[in-house]
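Data block below; observations after.
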Amino acid sequence: MNILYDSHTFSEQTFGGISRYFVELINHLPPECRPHIPLIASENEYLKLLEEKKSAISLRHFPEHRKLYYFINGFADRHALRTKSYDIFHPTGYDPYFIGKTKSPVVVTVHDMIYHEGLISGKHTSEIIENMRKTTLAADRIIAISDATKRAILRFYDIDESKIDVIHHGFTPVSGNTEKLGYCPERYLLFVGQRGGYKNFATLLKAFSKIAQKDKTLNLMCTGRAFSKAENNRIAELGLSGRCHHHFIPTEDMNALYANAECFIFPSKMEGFGMPILEAFAARCPAVISETSCFPEIAGDGGIYFNPENPDELAEKIMLTINNLCFRRKKIEDGERELKRFSWSKTGNETAETYSKVLQGI
C-alpha cells in the first residue's frame with residue numbers, strides 16, 4: 001500500500017517530537033507499506049535519519065523562512081494529493097487543507113489535547129484548536145499515542161470510539177556513554193525540556209528549596225532554554241542561587257546526563273506520551289513522575305509518583321529515592337523492565353494494521 005505523508009511537521013520543526021515520530025514510523029513500517037513525502041525545503045534535522053534519505057533545501061538564512069517552507073512545501077503537498085497515486089493519506093500536522101481534496105482514506109495521529117485542556121494559551125490558540133478539530137473529525141481512522149490521549153479525544157469530540165487505535169511510541173536509544181560530564185555538578189537532580197506553564201517547573205523549585213536546606217551538596221541541573229529573568233528572580237527568592245544550573249546538552253551527552261543524576265524529575269501536568277521517562281529508564285536513572293495524564297500508563301511500575309500540585313510530596317519522594325538504596329535499585333530494575341514494552345518496530349507494525357483496517361473500511 002502507498003502511504004502519502006505531507007510536509008507539515010517538517011516545515012514547522014527543526015527538532016521536535018512530532019517530526020521525530022514520523023521519521024521513526026516511516027523507518028519502521030513493514031515492507032508492504034511504501035511511504036512518500038513530497039518535501040522540497042526543510043531544515044528538520046531528523047530527515048537525516050530516514051533510511052531512504054530525503055533531500056531538502058534549507059532556507060534557514062532567509063527572512064521568514066518558515067513561511068517559505070509552508071508555501072513551497074504546501075504547493076508540493078497539494079500537487080501530490082491531486083495525483084491520486086496513493087492508497088492512504090496520513091497528514092503530519094493539523095492543517096485541514098486536505099478536506100475535500102482527497103478521495104483516499106485519511107489516518108490522523110493525535111499526540112495530545114493540551115490546547116483543549118487550556119494548558120497553553122496564546123493569540124493562535126483558538127485557531128489551533130479549530131484546525132485540530134476539523135482535521136481529526138475528517139479522519140477515517142485515528143491513532144492516539146496513549147490511552148490517556150484517547151480518553152481526552154473522546155471527552156472533547158463526538159467520535160465513535162472504535163475508530164481510535166492506541167499505538168504507543170517506540171524508544172530510540174541514545175548514546176551509551178555514561179561518563180560524568182565535566183560541566184555538571186558532582187551531585188544533581190535532573191530536569192529536561194521546557195519549563196513554562198503546565199510543565200510545572202515552579203513546583204519542582206519549591207520542592208528543591210526544601211531539600212536544599214538539608215542536603216547542602218545537592219544541585220538542580222536543567223536542559224532547554226537558559227533561565228529567564230523571572231526564573232532567576234524566583235531562584236534567588238528561594239535561596240537557590242548557585243544551586244540551579246542550566247546547560248544546552250548535545251544529544252550525544254544525554255545518556256550520560258541521565259546516568260549520573262541522583263534522579264530524574266518529571267513534574268509536568270500533562271503530556272501526550274513522555275519520552276524522557278523512557279530515556280531515564282534506559283540510562284538506569286530513577287524517575288520521579290507526576291501521577292497524572294499518561295505517565296502511569298507509560299512508566300508503569302518503574303515510576304516514583306507524586307501529586308503534581310504538592311511540592312512537599314515531591315520533596316519526600318526525591319529524598320526517598322536518593323537515600324533509600326534498596327528502593328532506588330528496585331525502581332531502576334522496574335524501569336528497565338517497563339522499557340521493553342516500547343519499540344519502533346512495534347509502532348510501525350501496529351500502524352500498518354491501522355492502515356489495513358482503513359482500507360478494509362473497518
Side-chain angles (χ1 to χ4, degrees), residues 1-39 42 44-56 73 77 80 86-95 98 102 104-112 132 135-136 139-150 153 163-174 251 271-279 282 294 297-298 339-359:
M1 63 188 106
N2 295 311
I3 318 298
L4 176 64
Y5 300 90
D6 69 7
S7 65
H8 190 278
T9 190
F10 301 106
S11 295
E12 186 173 57
Q13 295 184 335
T14 303
F15 295 95
I18 294 178
S19 56
R20 182 64 183 261
Y21 158 78
F22 277 103
V23 165
E24 294 288 1
L25 171 61
I26 290 167
N27 278 345
H28 291 88
L29 288 170
E32 66 266 23
C33 296
R34 294 174 294 279
H36 175 60
I37 312 172
L39 192 68
S42 175
N44 186 274
E45 289 292 324
Y46 300 127
L47 289 170
K48 300 173 184 175
L49 302 178
L50 280 173
E51 290 179 0
E52 292 190 16
K53 292 291 186 292
K54 182 70 182 179
S55 59
N73 293 326
D77 290 337
Y86 54 93
D87 300 302
I88 293 168
F89 177 53
H90 193 160
T92 63
Y94 303 120
D95 185 340
F98 64 87
T102 177
S104 296
V106 176
V107 174
V108 168
T109 299
V110 177
H111 302 272
D112 59 57
M132 189 172 173
T135 301
T136 306
D140 296 281
R141 271 202 98 72
I142 298 163
I143 294 171
I145 66 170
S146 64
D147 285 312
T149 297
K150 176 181 176 179
I153 294 169
K163 285 178 60 175
I164 305 174
D165 296 323
V166 175
I167 303 176
H168 289 142
H169 283 184
F171 173 68
T172 306
V174 292
T251 302
E271 301 288 337
F273 187 80
M275 188 62 72
I277 295 170
L278 303 187
E279 293 173 348
C294 66
E297 174 187 347
I298 304 306
L339 186 63
K340 294 176 183 177
R341 294 191 287 122
F342 303 93
S343 78
W344 283 114
S345 292
K346 182 181 178 185
T347 302
N349 288 330
E350 291 180 354
T351 303
E353 290 174 11
T354 291
Y355 293 156
S356 294
K357 286 180 189 175
V358 80
L359 287 178

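Just so we're clear, the structure is a prediction, and the values are computed from it rather than from any experiment.
Residues satisfying the side chain to side chain contact (heavy atoms under 4.5 Å, CB included) criterion with Pro38, sequence neighbours excluded, are Leu4, His36, Ala76, Asp77, Ala80. Not counting sequence neighbours, the partners of Asp6 by the side chain to side chain donor-acceptor pair (under 3.5 Å) test are Thr92, Tyr97. Partners of Phe171 under the ring-ring contact (aromatic ring centres under 6.0 Å, His included) rule, at least two apart in sequence or in another chain, do not exist in this structure. Under the side chain to side chain donor-acceptor pair (under 3.5 Å) criterion, Ser104 pairs with no residue, sequence neighbours left out. Partners of Glu353 by side chain to side chain contact (heavy atoms under 4.5 Å, CB included), not counting sequence neighbours: none found. Every residue meeting the ring-ring contact (aromatic ring centres under 6.0 Å, His included) condition with His90, not counting sequence neighbours, appears here in chain and number order: Tyr5, Phe22, Tyr355. For the side chain to side chain contact (heavy atoms under 4.5 Å, CB included) test, residues two or more places apart in sequence or in another chain that qualify with Thr354 are Val107, Arg141, Ile143, Asp165, Ile167. Not counting sequence neighbours, the partners of Thr9 by the side chain to side chain donor-acceptor pair (under 3.5 Å) test are Gln13. By the side chain to side chain contact (heavy atoms under 4.5 Å, CB included) test, Leu49 pairs with Arg20, Val23, Tyr46, sequence neighbours left out. For Phe98, the ring-ring contact (aromatic ring centres under 6.0 Å, His included) partners are Phe89, not counting sequence neighbours. Partners of Glu45 according to the salt bridge (Lys or Arg N to Asp or Glu O under 4.0 Å) rule, which considers only residues two or more places apart in sequence or in another chain, are Lys48, Arg60.
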Step by step, would you call Val110 with Tyr94 a side chain to side chain contact (heavy atoms under 4.5 Å, CB included)?
CA-CA 9 Å; Val110 177; Tyr94 303 120; 4.2 Å; yes
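Atom CD1 of Ile88 and atom CG of Leu359 lie 4.0 Å apart (nearest 0.5 Å).
Contact detail for Met132 and Thr136: the closest heavy-atom pair is O-OG1, 2.8 Å. The shortest heavy-atom contact between Ile153 and Ala144 is CD1-CB, 4.1 Å. Closest non-hydrogen pair, Pro105 versus Val358, comes out as CB-CG2, 3.6 Å. Counting all heavy atoms, side chain and backbone alike, Leu47 lies closest to Ala56 at CD1-CB, 4.3 Å. Closest non-hydrogen pair, Val166 versus Glu350, comes out as O-OE1, 4.3 Å. Here the shortest heavy-atom pairing between Ala148 and Glu297 reads N-OE1, 3.2 Å.
A donor-acceptor pair is defined here as one N or O able to donate and one able to accept, closer than 3.5 Å; such a pair exists between the side chain of Ser356 and the backbone of Ala352. Not a single donor-acceptor pair under 3.5 Å links the side chain of Asp112 to the backbone N or O of Glu271. With hydrogens and angles ignored, the 3.5 Å screen pairs no side-chain donor or acceptor of Asn73 with any backbone N or O of Leu39. Side-chain N or O atoms of Lys346 include none that pairs as donor or acceptor with a backbone N or O of His168 at under 3.5 Å. Judged by distance alone, the side chain of Asp140 and the main-chain N or O of Val106 form a donor-acceptor pair under 3.5 Å.
Annotation: salt bridge (Lys or Arg N to Asp or Glu O under 4.0 Å) contacts involving residues 25-39, sequence neighbours excluded, are absent.
Between Asp95 and Thr135 there is no side-chain heavy-atom pair separated by less than 4.5 Å.
The aromatic rings of Trp344 and Tyr21 sit tilted relative to each other, their planes meeting at an angle between 30° and 60°.
Side-chain atoms of Thr347 and Glu24 form no donor-acceptor pair, as typed in the model, at a separation below 3.5 Å.
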